[in-house]
Structure formats: C-alpha cells, structure tokens
Amino acid sequence: MSPEVGELDTAAVRDAVADDPDDVLPLLMQMSTATDPALRAKVQALVPRLVLERARSGTRGGSGAGRLRRSPADRGGDLDVDASMEAIGQARGEQRPPGLEELTATTWHRPRTALCLLVDRSGSMDGSRLVTAAMAAAACALRAEGELSVIAFDRTPEVLLDLHAPSPPLRTVQRVLGLRGHGMTSMDAAFRAAADQLRGARATRRITIVLSDCRATDEVDAVPAARALEELVVIAPASDDEEARRVAREAGARIAAIESVDDLPRLLDQLLGR
C-alpha cells in the first residue's frame, strides 16, 4: 500500500490488518499524512474505526453514563408502562388493580468501575506508539461502565476525555490518534492528575491504567503518588519494561508487558480481573 495511491480498498485493508496489525496499522498512520488529499481523508476516517474493531475482541462490560435496569416496581424506580402492559391487562381482566410486584420499573444502574487511562506521549509518538495508545483508549472506552477519563502526559498532563463529560468511543480514539510527542516525562504529575479525575467518580471501584515505560525525567519520585491511587495497572512495552516493573512493584500495582497491539484487549481484561 503506497502512501501516494489515491484508491483505498477498505475490505483488503481490513484483511491486512487482521493478518498483521502491528505492521499494517502503523503503515496506515503514515498514510494518514499522504499528499493525496482523497487518500488522506479516507485513511483518517478509516483508522479509528479499524482500531475500534480490533479492540472489541474479548470486550466485556458496556459503556455510557449508566445503564437502565428493569426490576419489579415494588423495589422502586420509574414505572415502565410498556413493559407492564401485560400485567395491567391481566389484572384488568380479573377486575382488580395490579400489584406493584407485578409491574415493571426501570432504575439507573450505578457503574461499578471508573477507569482513568494515562497515555505517555513523551518523546516521539510514531505510528506504532500512536496505534498502541489508540488501542488502549478504545479497549478502555469499550470496557468502561460509564465513567472513563483519558489523560495524555509528558511533563504536564492534558485531559483528553474528562470523567464527567462522556464521549463516544470513536471520538476518544480520534483524540488519541491526534497526539503529538513531547520531550520530558513526569510520572508524578500523571498519577496526581489521575487521582484528581477519579476523585469525583460515582463508581465503587476506581482504576488507573498507565501506558508507559514509567521512566521519569523530572527526578521526582512518582511512587508515593502511585501508592495513593486506589488501584493501579501498568502496561509497558515488552522491549523496555524494567523501570515500569520497579514502579509497579514498589507501588503495589499490577503490570503486564505488551508485545503486540492485538494483545491489549486480552491483557486489559486480565489486569482488570474480568
């Protein structure tokens, strides 16, 4: 696939991504800056969708600000007239008022888990790193139960997705794919930003996921801030995970090293205990 070719066979691209995501997705990222405007537009529209498709593998849980749950009306909630029509009709036929336990109500289900994803954008954000970051964002967006924050960090953190301002998974992936790299790294600032985001979560479980080698350049010990988080999960590159393992060990965090971008959904499910 040449970056200057104006035609894009999306079916063939999907097949290629399925066969070799680690090579093809970064190549597509290069094509997203092609000089051919038609090709560039097609690739920029296609890549986020491809990432989202790959992240759906093994997805568990749901997304959204909350989920409506049906239950007997005697347990509280708002009456669901449509779902209660059969019981109402039966009671009317028996010339009696329906009992609350026969009617159906809906209640909002409180999300059980809030996630905050920290994406290390220090240094160079090449095609491979961008795709990995986008895959992590997609996997988190598909697994979050209504409360998700995404923060990109270098020396300072930048909130790409606020916990209290939900966004569709596709839009979240697009934001991450738009990241550009910077030089310095402050793990301490990143962990503190995650704590700030999760402080207002409604969920009973609050998890911070950091995608990084955890190598800080600001000489600030990040372990105290990491320990202050309720739960911390570290996903590091398999080729450079020594410092990440040290931080995880001293902070009491769970850690996994990633070799292939396609490993992310499965690793995330394992690390989240799903």
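Both backbone and side-chain heavy atoms feed into the values below; hydrogens, waters and symmetry mates do not.
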>> Looking at every heavy atom in both Pro265 and Arg54, which two are closest together, and how far apart are they?
In response: CG-O, 3.9 Å
> So, does Ser149 use its side chain to make a donor-acceptor pair with the main chain of Gln197 at under 3.5 Å?
Replying inline: no
>> Restricting to salt bridge (Lys or Arg N to Asp or Glu O under 4.0 Å), what partner residues turn up for Glu101, sequence neighbours left out?
In response: none
>> For residues 251-260, which residue pairs pass the side chain to side chain donor-acceptor pair (under 3.5 Å) check, not counting sequence neighbours?
In response: Asp22-Ser260, Glu231-Arg254
>> Between Ser212 and Asp120, is there a side-chain donor-acceptor contact under 3.5 Å, judged purely by atom types and distance?
In response: yes
>> So which atom in Arg192 and which in Ala225 form the shortest heavy-atom distance, rounded to 0.1 Å?
In response: CG-CB, 4.1 Å
>> Going by side-chain hydrogen bond (donor to acceptor under 3.5 Å, both in side chains), name the residues that satisfy it together with Thr208, two or more places apart in sequence or in a different chain.
In response: none
> Distance-only, no hydrogens or angles: does the Ser84 side chain make a donor-acceptor pair with backbone N or O of Thr104 under 3.5 Å?
Replying inline: yes
>> Does Met184, at its CE atom, have more than 12 non-hydrogen atoms belonging to other residues, nucleotides or ligands within less than 6.0 Å?
In response: yes
>> Asp23: which residues meet the side-chain hydrogen bond (donor to acceptor under 3.5 Å, both in side chains) condition with it, sequence neighbours left out?
In response: none
> Going through the checks in order, is the side chain to side chain contact (heavy atoms under 4.5 Å, CB included) test met by Met187 and Val210?
Replying inline: CA-CA 9 Å; Met187 298 303 304; Val210 59; 3.9 Å; yes
> Taking only residues two or more places apart in sequence, or in another chain, which ones meet Glu86 in a salt bridge (Lys or Arg N to Asp or Glu O under 4.0 Å)?
Replying inline: none
>> Taking Leu115's backbone N and O only, do any of them form a donor-acceptor pair with Arg206's side chain (distance below 3.5 Å, no angle check)?
In response: no
> For Asp213, which residues count as a side-chain hydrogen bond (donor to acceptor under 3.5 Å, both in side chains) partner, sequence neighbours excluded?
Replying inline: Arg215
>> The criterion is side-chain hydrogen bond (donor to acceptor under 3.5 Å, both in side chains); which residues satisfy it with Asp15, sequence neighbours excluded?
In response: none
> Thinking salt bridges, do Arg245 and Glu250 make one under a 4.0 Å N-O criterion?
Replying inline: no
>> Just to verify, what does Arg14 make a salt bridge (Lys or Arg N to Asp or Glu O under 4.0 Å) with, not counting sequence neighbours?
In response: Glu53
> What residues form a salt bridge (Lys or Arg N to Asp or Glu O under 4.0 Å) with Asp196, not counting sequence neighbours?
Replying inline: Arg199
> Any chain of hydrophobic side-chain contacts (each under 4.5 Å) joining Val150 to Leu229?
Replying inline: no
> Minimum heavy-atom separation for Leu232 to Ala226, with atom names?
Replying inline: CD2-CB, 3.8 Å
> How would you list all residue pairs meeting salt bridge (charged side-chain N to carboxylate O under 4.0 Å, His left out) that involve residues 216-229, not counting sequence neighbours?
Replying inline: none
> Any link between Val247 and Val119 through a network of hydrophobic side chains (Ile, Leu, Val, Met, Phe, Trp, Tyr) touching at under 4.5 Å?
Replying inline: no
>> The test is side chain to side chain contact (heavy atoms under 4.5 Å, CB included); show your working for Leu268 and Ile235 and say whether it passes.
In response: CA-CA 9 Å; Leu268 197 58; Ile235 300 177; 4.3 Å; yes
> Is Arg175 atom CZ crowded by more than 12 heavy atoms from other residues, nucleotides or ligands, each under 6.0 Å away?
Replying inline: yes
>> Looking at every heavy atom in both Leu163 and Gly200, which two are closest together, and how far apart are they?
In response: CD2-C, 4.4 Å
>> Would you say that Asp154 contacts Thr185 through its side chain, given a criterion of any heavy-atom pair below 4.5 Å between the two side chains?
In response: no
>> Would you say that Arg49 contacts Leu170 through its side chain, given a criterion of any heavy-atom pair below 4.5 Å between the two side chains?
In response: yes
>> Looking at every non-hydrogen atom in both residues, tell me the closest pair between Ala256 and Leu271 and how far apart they are.
In response: CB-CD1, 3.9 Å
>> Would a single hydrophobic cluster contain both Phe153 and Leu161, if residues Ile, Leu, Val, Met, Phe, Trp and Tyr are joined by side-chain heavy-atom contacts under 4.5 Å?
In response: no
>> So that I can tick it off, tell me whether Glu243 and Arg246 are bridged by a salt bridge, with the cut-off set at under 4.0 angstrom between side-chain N and carboxylate O.
In response: yes
> Could you go step by step and tell me if Ile207 and Cys116 meet the side chain to side chain contact (heavy atoms under 4.5 Å, CB included) rule?
Replying inline: CA-CA 6 Å; Ile207 307 175; Cys116 179; over 6 Å; no
> Minimum heavy-atom separation for Leu52 to Ala138, with atom names?
Replying inline: CD1-CB, 3.7 Å
> Do Arg92 side-chain atoms and Ile88 backbone N/O form a donor-acceptor pair below 3.5 Å?
Replying inline: no
> Would you say Leu148 and Leu160 are hydrophobically clustered, going by side-chain heavy atoms of ILVMFWY under 4.5 Å?
Replying inline: yes
> What residues form a side chain to side chain contact (heavy atoms under 4.5 Å, CB included) with Ala244, not counting sequence neighbours?
Replying inline: Cys214, Val234, Ala236, Ile255
>> Hydrophobic cluster membership, with links at side-chain heavy-atom distances under 4.5 Å among I/L/V/M/F/W/Y: are Ile209 and Leu211 in one?
In response: yes
> Can you name the side chain to side chain contact (heavy atoms under 4.5 Å, CB included) partners of Gln95, sequence neighbours left out?
Replying inline: none
> Can a salt bridge be assigned to the pair Asp269 and Arg266 using a cut-off of 4.0 Å between side-chain N and carboxylate O?
Replying inline: no
> In Å, rounded to the nearest 0.5 Å, how long is the span from CG of Leu117 to SG of Cys140?
Replying inline: 4.5 Å
